[in-house]
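Heads up, the thing below is written out as structure tokens.
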Amino acid sequence: MPAPRVRIAPSPTGPLHIGTARTALFNYLYARRTGGTFVLRLEDTDVARSTVGFEADLIEQLRWLGLDWDEGPDAAGGEDRGPFAPYRQMQRLESYAKAADDLLARDLAYPCFCTPEELDADRKAAEAAHLPPRYVGRCSTLTPEERASRVAEGRRGALRFRVRADKIKFDDLVRGEVEIDTANLGGDFVIVRSDGTPLYHFVVVVDDAAMEMTHIIRGEDHLSNTPKHILLFQALGHEVPKFAHLPLILNPDRTKMSTRKSQTAIADYRAQGFLPEAMVNFLSLLGWSTGTEEEILSLDEIAGRFDLEHVQKGGAVFDKDRLEWLNGQWIRKLSPEDFIERLQPFLAADLQAGRIDRLPTPEELRPLVPIIQERLPTPGAVGDLIGFLWVDHVTLDPALLVPKRWDRSTALAALRAARETIDDSTGSVTFEADELEPPMRALAESSGWKAGDLFMAIRVAVTGRTATPPLFDSLVALGRERVLARLDAAIEMLAGSEEPA
RNA sequence: GCCCCCAUCGUCUAGAGGCCUAGGACGCCGCCCUUUCAAGGCGGAGAUCACCGGUUCGAAUCCGGUUGGGGGUACCA
């Protein structure tokens, strides 16, 4: 058996969609597992909606996910790589024209001059008669003279493919035997528009044939269209590839995942801080499983285990909670250096948005890794967690400054005492967590305060938040001077509002 | 409407006739750890395997039907 050739063929009419990414992933996995070739082809014949920007996004996000292709475009608008170049359909138009001419010459296809109005009327009539819509075949038996006279009138025909009466049977690699009667295909279908541009069902088959694809792994939404493709492969005199239809990724309401109801752009997940490792891991488990209880797996580990037999038949709801959990798992697996590296774009974004006033250096970040790595659901949350370290001024909410069990005067007294304790006990010593904690606990004890309440008052005073990394580590990271300054500011705020309202 | 596909905890899934009084994970709840928040550990609730028939000594697993859901049905991709 020749080495498999598989492909992902997205249209640059939108950013890389989660469903396309999953299909790309499964094709990639199949190629890697079987020693086959993974091809990227851009289906850009919808000129009105295709853009170079979307093309760039497709390529960039696929790369980000690590789904390297063996053949195809390397950069938006750039050169293609591989023996079947070009891999953009707009650059392959001659081959479609040639295939269309060939089908026309062999009378496997014919020009159709029906107007949109006629077709619309046909459809309405069928609907009224409770019959499935299908092309009535008005132009299928036109004589050469009749065709010539219409062309003479200046009418340009679309090209229709003749659908023969037959039952098309194929052995789907995930669904098993599927049989569809061509009578249910809606009659002869258009393969080239009257303006001369070819249609999807046609170009996809011409290209898959030309590029010698052996396996078509795609979403279940193409299952019903498969007979059309098989008919076309046969008409083109090409061997029919094997098909594998993957279950759909679903919205929470179990309809096909859509931008309307879910977040579908890979770029958006990336921007939120989802790691490619987590994305790939999560997507691989939507509709496939190892058959074991393993679940945290790298792309390579998945590729080593992948098989079409374990692909699920039913659709899979996209469960963001599970993705977030997986993301946390992968964050915790990162080395400190890698972790810091991945924080960079988010810190830069925080700076840009004014959420922090200064960018920390990797050296400043390094000691913080142990206390933040296990606390981040995504790298994108870094500003939220420790942004207080790099802002010039924290915004204080007086209500938060006073712990629940306390009143304002207790909080004020506690902050004053805490300030003094820090000042005294650290004036000549190094400012370290181990040296800060004991005197603070002693202060709480001698004053009859719960340590937790004291710590919370200090936490809010210096960070502005109630949820932070461990208090003393936060104080150390902040540094003695800023801790004292922020305590002073908090004390002043509380004291200033001391007069009864 | 017609055609096709599908059906195990809320969700992702294990399961390919006896190992299943159905396992794991997410989420949820409780406990532990604990200065907050997380992370982690432990435990719990949660599925009459959609339903009804059949085959079989025996069915979540095989067959038929029903119901439900989804997809397709364009001079979109």
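These numbers were taken from a predicted model, which means no experiment stands behind them. Numbers restart at 1 for each chain; the letters A, B, ... are given by sequence-line order, proteins then strands.
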Among U73(B), A25(B), G70(B), find the nucleotide with the atom closest to the side chain of Trp325(A).
A25(B)

For a quick test of reading the model: is some side-chain N or O of Lys320(A) closer than 4.0 Å to OP1 or OP2 of G27(B)?
no

For the side chain of Arg375(A) and the base of C37(B), is some donor closer than 3.5 Å to an acceptor across the two?
yes

Assess the pair Phe170(A) and His229(A): is the distance between their ring centroids shorter than 6.0 Å?
no

Output field: ring centroids Phe282(A)/Phe274(A) closer than 6.0 Å:
no

Searching all strands shown, indicate the nucleotide that pairs with U73(B) (Watson-Crick or G-U wobble; both distances under 3.5 Å).
G1(B)

Rounded to whole Å, the CG-P distance (Asp46(A) to C76(B)) equals 9 Å

Scanning all shown strands, the Watson-Crick or wobble mate of A7(B) with both distances under 3.5 Å is U67(B)

Picking from C3(B), G40(B), G71(B), the nucleotide nearest the side-chain atoms of Asn184(A) would be C3(B)

For C6(B) versus A38(B), give the span between their C1' atoms, rounded off to a whole number of Å.
40 Å

Watson-Crick or G-U wobble partner of U34(B), both distances under 3.5 Å:
none

When you get a sec, tell me which of U36(B), C2(B), C75(B) is the closest nucleotide to the side chain of Leu199(A)?
C75(B)

If only side-chain N and O atoms of Ser224(A) are considered, is one of them under 4.0 Å from the OP1 or OP2 phosphate oxygen of G71(B)?
no

Using the six-membered ring wherever Trp is involved, compare the ring planes of Phe161(A) and Phe189(A) and label them parallel, tilted or perpendicular (cut-offs 30° and 60°).
tilted

Centroid-to-centroid, Trp288(A) to Phe306(A), below 6.0 Å?
yes

If pairing requires Watson-Crick or G-U wobble contacts with both distances under 3.5 Å, which nucleotide is the partner of A45(B)?
none

Close side-chain approach of Ile266(A) and Pro15(A), heavy atoms under 4.5 Å:
no

Glu374(A) has its side chain closest, among A39(B), G15(B), C75(B), to A39(B)

Is a salt bridge present between Asp171(A) and Lys242(A), judged by a nitrogen-to-oxygen distance below 4.0 Å?
no

Nearest listed nucleotide, side chain of Arg332(A), among C12(B), A77(B), G40(B)
G40(B)

Counting any heavy atom closer than 4.0 Å, what does Arg134(A) reach on the DNA or RNA strands: base, sugar-phosphate only, or nothing?
nothing

Between A77(B), C5(B), G27(B), spot the one nearest the side chain of Tyr200(A), thanks.
A77(B)

Euclidean distance, atom CG of residue Asp321(A) to atom C1' of G27(B) [Å, nearest integer]
6 Å

Separation of Lys256(A) atom NZ from G69(B) atom P, in whole Å?
18 Å

Does Gln312(A) put a side-chain nitrogen or oxygen below 4.0 Å from OP1 or OP2 of A14(B)?
yes

Between G70(B), G1(B), G15(B), which nucleotide has the shortest distance from any of its atoms to the side chain of Glu220(A)?
G70(B)

Report which part of the nucleic acid Gln329(A) touches: base, sugar-phosphate, or nothing (heavy-atom distance under 4.0 Å, all strands).
sugar-phosphate

OP1 or OP2 of G27(B) under 4.0 Å from side-chain N/O of Arg322(A):
no

Complementary nucleotide for U56(B) - Watson-Crick or wobble, under 3.5 Å
none

Please state the C1' separation for the pair C20(B) and G58(B) - nearest whole angstrom.
13 Å

CE of Met257(A) versus C1' of U11(B): gap in Å, rounded?
13 Å

C1' spacing across the pair G18(B) / U55(B), given as an integer number of angstrom
16 Å

Kindly state whether the pair His222(A) / A77(B) counts as stacked, where counting means centroids closer than 5.5 Å and planes tilted less than 30° apart.
yes

Would you say the side-chain atoms of Thr290(A) and Thr292(A) include a donor-acceptor pair closer than 3.5 Å?
yes

For the side chain of Lys313(A), counting heavy atoms from C-beta on, which of C75(B), A7(B), G23(B) is nearest?
A7(B)

Proximity to the side chain of Ser11(A) - top-ranked nucleotide from C26(B), U35(B), A77(B)
A77(B)

What integer number of Å spans the C1' atoms of G46(B) and G40(B)?
24 Å

Here's a test for you: under side chain to side chain contact (heavy atoms under 4.5 Å, CB included), which of Leu25(A), Val280(A), Leu299(A) qualifies with Leu65(A)?
Val280(A)

Could you check which nucleotide pairs with U61(B) in any of the strands shown, counting Watson-Crick or G-U wobble with both distances under 3.5 Å?
none

Quantified in whole Å, what is the P atom distance between nucleotide C3(B) and nucleotide C9(B)?
29 Å

Phosphate OP1/OP2 of U11(B): any Arg254(A) side-chain N/O under 4.0 Å:
yes

Nearest-neighbour nucleotide for the Lys228(A) side chain, G72(B), U11(B), U73(B) considered:
U73(B)

